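Side chains included, hydrogens not; waters and symmetry mates left out as well; all remaining heavy atoms used. In this text the structure is predicted, and so the values were computed from the model without any measurement.
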Amino acid sequence: MENKDTQERGTSREQITELVSSWPGITVDEGRFNSTSFKLAGREIGHLHPRLADIDYPQSLRNQLIADGLTEQHHAVPEHPNATTFHIESADDIDHVVWLFRLSYLIHVAIQQEVGKGKSESVDIDVQKELDL
């Protein structure tokens, strides 16, 4: 029998997956170690385990997010220059986890837009406008 904490985390994972997978261009794959991987144009923006989210950022942003206490070093490879981990403890963490994924998503969209200028497959989002909010 599952306890309330386990059920709540399962629900959190489902809610996060539903929200992140609804963004334009995002595909969902099964990842390693019971994870759900979110990809944009074949590149992973991060993945979700039952109790934590692993998300990559450019190194300077990664370091700032960690310094500001918004996420932590990667749980398995703390010295990784881009990887972070956020521990999901309750449903109260859903909005923050989605925000962390959205930040990674916007970075990947900006890169895709820059590299693919003039190509139709880039996601049509005003990245700067979203970051200014």
Could you work out, with side-chain hydrogen bond (donor to acceptor under 3.5 Å, both in side chains) as the rule, every residue matching H96, not counting sequence neighbours?
none

Roughly how far apart are Q128 CD and D126 CG, rounded to 0.5 Å?
7.5 Å

Hey, does L70 have a side-chain heavy atom less than 4.5 Å from the side chain of Q64?
no

Report the distance from atom CG of D95 to atom CZ of R102, rounding to the nearest 0.5 Å.
13.5 Å

Give a yes or no on whether I26 and V115 share a hydrophobic cluster (residues Ile, Leu, Val, Met, Phe, Trp, Tyr; joining criterion: side-chain heavy atoms under 4.5 Å apart).
yes

So T84 and L100, side-chain contact (heavy atoms from CB on, under 4.5 Å) or not? Walk me through it.
CA-CA 10 Å; T84 67; L100 289 169; over 6 Å; no

What I'd like to find out is whether the side chain of T17 reaches to under 4.5 Å of the side chain of Q15, using heavy atoms alone.
no

Do the charged groups of E89 and R51 touch, with an N to O distance under 4.0 Å?
no

Intermediate values then yes/no, side-chain contact (heavy atoms from CB on, under 4.5 Å), L52 and H75
CA-CA 9 Å; L52 51 89; H75 64 103; 3.8 Å; yes

Consider only side-chain heavy atoms of I, L, V, M, F, W and Y, link residues closer than 4.5 Å, and tell whether F86 and V77 are in one cluster.
no

For I55 and I45 the tightest heavy-atom approach is CG2-O, 3.4 Å

Passing option when L40 is tested against I107, V109, T27 for side chain to side chain contact (heavy atoms under 4.5 Å, CB included)
V109

Would you find more than 12 non-hydrogen atoms of other residues, nucleotides or ligands less than 6.0 Å from E79 atom CD?
yes

Restricting to non-hydrogen atoms, name the atom on P24 and the atom on Y105 that form the minimum distance, rounded to 0.1 Å.
O-OH, 2.6 Å

Enter the distance from L48:CG to D54:CG here, rounded to the nearest 0.5 Å.
9.0 Å

Please check: side-chain N/O of R62 versus main-chain N/O of A83, any donor-acceptor pairing under 3.5 Å?
yes

Taking ring-ring contact (aromatic ring centres under 6.0 Å, His included) as the cut-off, I'd like each qualifying pair that reaches into residues 48-69, sequence neighbours left out, listed once.
H47-H49

Between V123 and Q112, what is the shortest heavy-atom contact and its length?
N-OE1, 3.2 Å

The complete set of side-chain hydrogen bond (donor to acceptor under 3.5 Å, both in side chains) pairs with one or both residues in residues 31-41, sequence neighbours excluded, reads R13-T36, D29-K39, S37-E44

As a quick check of understanding, evaluate side-chain contact (heavy atoms from CB on, under 4.5 Å) for L131 and L106, giving each step before the final call.
CA-CA 8 Å; L131 291 174; L106 291 172; 3.8 Å; yes

For K129 and V127, what are the C-alpha separation, side-chain angles and deciding distance, and is it a side-chain contact (heavy atoms from CB on, under 4.5 Å)?
CA-CA 5 Å; K129 184 177 179 182; V127 173; over 6 Å; no

To the nearest 0.5 angstrom, please state how far the CD atom of Q113 sits from the CG atom of D124.
7.0 Å

Backbone of F101 reached by a side-chain donor or acceptor of S104 within 3.5 Å
no

Hey, any chance W99 and I66 share a hydrophobic cluster, counting ILVMFWY side chains that come within less than 4.5 Å of each other, even indirectly?
no

